[in-house]
Asker: 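Encoded as structure tokens, here's the structure I'll be asking about.
In what follows, every chain begins at residue 1, and chains take the letters A, B, ... in the order their sequences are listed.
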Amino acid sequence: GAVVSQHPSWVICKSGTSVKIECRSLDFQATTMFWYRQFPKQSLMLMATSNEGSKATYEQGVEKDKFLINHASLTLSTLTVTSAHPEDSSFYICSARRQEGYTFGSGTRLTVV
Amino acid sequence: KQEVTQIPAALSVPEGENLVLNCSFTDSAIYNLQWFRQDPGKGLTSLLLIQSSQREQTSGRLNASLDKSSGRSTLYIAASQPGDSATYLCAVPETSGSRLTFGEGTQLTVNP
């Protein structure tokens, strides 16, 4: 089946540093990918929609300069958390759509210390 | 704006029991509806996708139904097992290929 590979699965970084999360579609081309954030015991919150070759569309309240999204190819989208702070600690998940429905990455646990 | 609600928020059952998870949505103009499973600290695993023209889909012990006119879907799990313990999420896209709207999920615990 369709596989979306996301890595790293977890990362710990110091405050003020930047962290890049990658999301790859392994056996299909994804013109659109979605980035979600999930807090403990809560459902997924859409952060932005990533479109290949164009700028991402951010949801209201999401800082585009803090959460940089790049979708340079049909198989790779990246989310960079810039100047990370402890409040950015969360679980980040990417997703892509296929004919068979949406498929999700395994998620990245970000801890900022 | 589409809103998706899942009931119950949490469910604990003994092993072997059949159970039903409920999902309701406010805007019946959906393209499809998808059920997911999420284990703690993991991503989402797709369980079943029901197109708007379909009434139900089955996969193994899972059966999902869809009633667009009433804005409801159910996920039926037969002969539950401890390995079924997870959070179950339903989601609908607003149009083909667009963003998903998720319910808050049902946390299922199946006790041995």
Side-chain angles (χ1 to χ4, degrees), chain A residues 1-11 21-25 28-52 56-60 62 89-111, chain B residues 1-10 21 23-25 30-54 57 59 62 64 66 73 75 86-109:
Chain A
V3 176
V4 171
S5 175
Q6 182 175 347
H7 71 92
S9 57
W10 61 270
V11 58
I21 302 170
E22 292 190 351
C23 186
R24 294 181 183 272
S25 56
F28 67 102
Q29 294 181 331
T31 55
T32 302
M33 287 190 177
F34 304 88
W35 287 95
Y36 294 86
R37 182 173 181 175
Q38 187 177 34
F39 293 101
K41 304 290 186 182
Q42 294 187 23
S43 191
L44 283 72
M45 180 188 76
L46 181 65
M47 299 175 64
T49 301
S50 164
N51 300 297
E52 186 269 336
T57 302
Y58 290 81
E59 295 299 304
Q60 189 172 9
V62 178
S89 298
S90 191
F91 192 60
Y92 295 87
I93 312 176
C94 65
S95 172
R97 181 187 174 277
R98 291 200 72 186
Q99 187 174 6
E100 301 83 1
Y102 292 78
T103 185
F104 285 76
S106 56
T108 298
R109 170 71 59 192
L110 169 64
T111 302
Chain B
K1 179 187 173 185
Q2 178 75 271
E3 293 183 3
V4 180
T5 304
Q6 290 186 246
I7 295 173
L21 307 181
C23 172
S24 61
F25 44 95
I30 62 170
Y31 187 70
N32 56 44
L33 184 144
Q34 199 164 357
W35 282 92
F36 296 91
R37 166 188 174 139
Q38 185 177 31
D39 293 286
K42 305 292 185 182
L44 276 65
T45 299
S46 179
L47 297 174
L48 289 165
L49 170 71
I50 311 178
Q51 300 294 346
S52 61
S53 59
Q54 298 175 320
Q57 280 286 335
S59 175
L62 305 179
L66 175 64
S73 176
L75 179 66
T87 297
Y88 290 80
L89 296 155
C90 68
V92 295
E94 293 171 3
T95 56
S96 173
S98 77
R99 54 183 292 170
L100 282 174
T101 300
F102 283 90
E104 291 297 315
T106 294
Q107 185 173 356
L108 173 65
T109 302

Asker: Tell me which of these, A/Thr108, A/Thr31, A/Leu44, A/Thr49, has more heavy-atom pairs under 4.5 Å with chain B than the rest.
Answerer: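 Highest number of pairs under 4.5 Å: A/Leu44.
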
Asker: At a heavy-atom separation under 4.5 Å, does A/Glu59 approach chain B through its side chain, its backbone, both, or neither?
Answerer: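 Side chain only.
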
Asker: With a 3.5 Å cut-off and no angle check, do the side chains of A/Gln38 and B/Gln38 form a donor-acceptor pair?
Answerer: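 B/Gln38 and A/Gln38 do have a side-chain donor-acceptor pair below 3.5 Å.
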
Asker: Does any heavy atom of chain A fall under 4.5 Å from the side chain of B/Gln34, the backbone, both, or neither of them?
Answerer: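 Only the side chain of B/Gln34 comes within 4.5 Å of chain A.
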
Asker: Are B/Glu3 and B/Lys1 close enough for a salt bridge, meaning some N to O gap below 4.0 Å?
Answerer: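 Salt bridge: no.
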
Asker: Quick one: of B/Thr45, B/Leu44, B/Thr101, B/Leu49, who has the most non-hydrogen atom pairs under 4.5 Å with chain A?
Answerer: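 Top option by heavy-atom pairs under 4.5 Å: B/Leu44.
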
Asker: Any sub-3.5 Å donor-acceptor pair from B/Gln107's side-chain atoms to B/Ala10's backbone N or O?
Answerer: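 Judged by distance alone, no pair lies under 3.5 Å.
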
Asker: Do B/Ser73 and B/Trp35 get their side chains close enough for a donor-acceptor pair, meaning under 3.5 Å?
Answerer: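 B/Trp35 and B/Ser73 do have a side-chain donor-acceptor pair below 3.5 Å.
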
Asker: Looking at A/Cys94, A/Gly105, A/Pro40, A/Ser106, which one has more heavy-atom pairs under 4.5 Å with chain B than the rest?
Answerer: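 Looking at each option in turn, the highest pair count goes to A/Ser106.
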
Asker: Going through the checks in order, is the side-chain contact (heavy atoms from CB on, under 4.5 Å) test met by A/Phe91 and A/Tyr36?
Answerer: CA-CA 8 Å; A/Phe91 192 60; A/Tyr36 294 86; over 6 Å; no

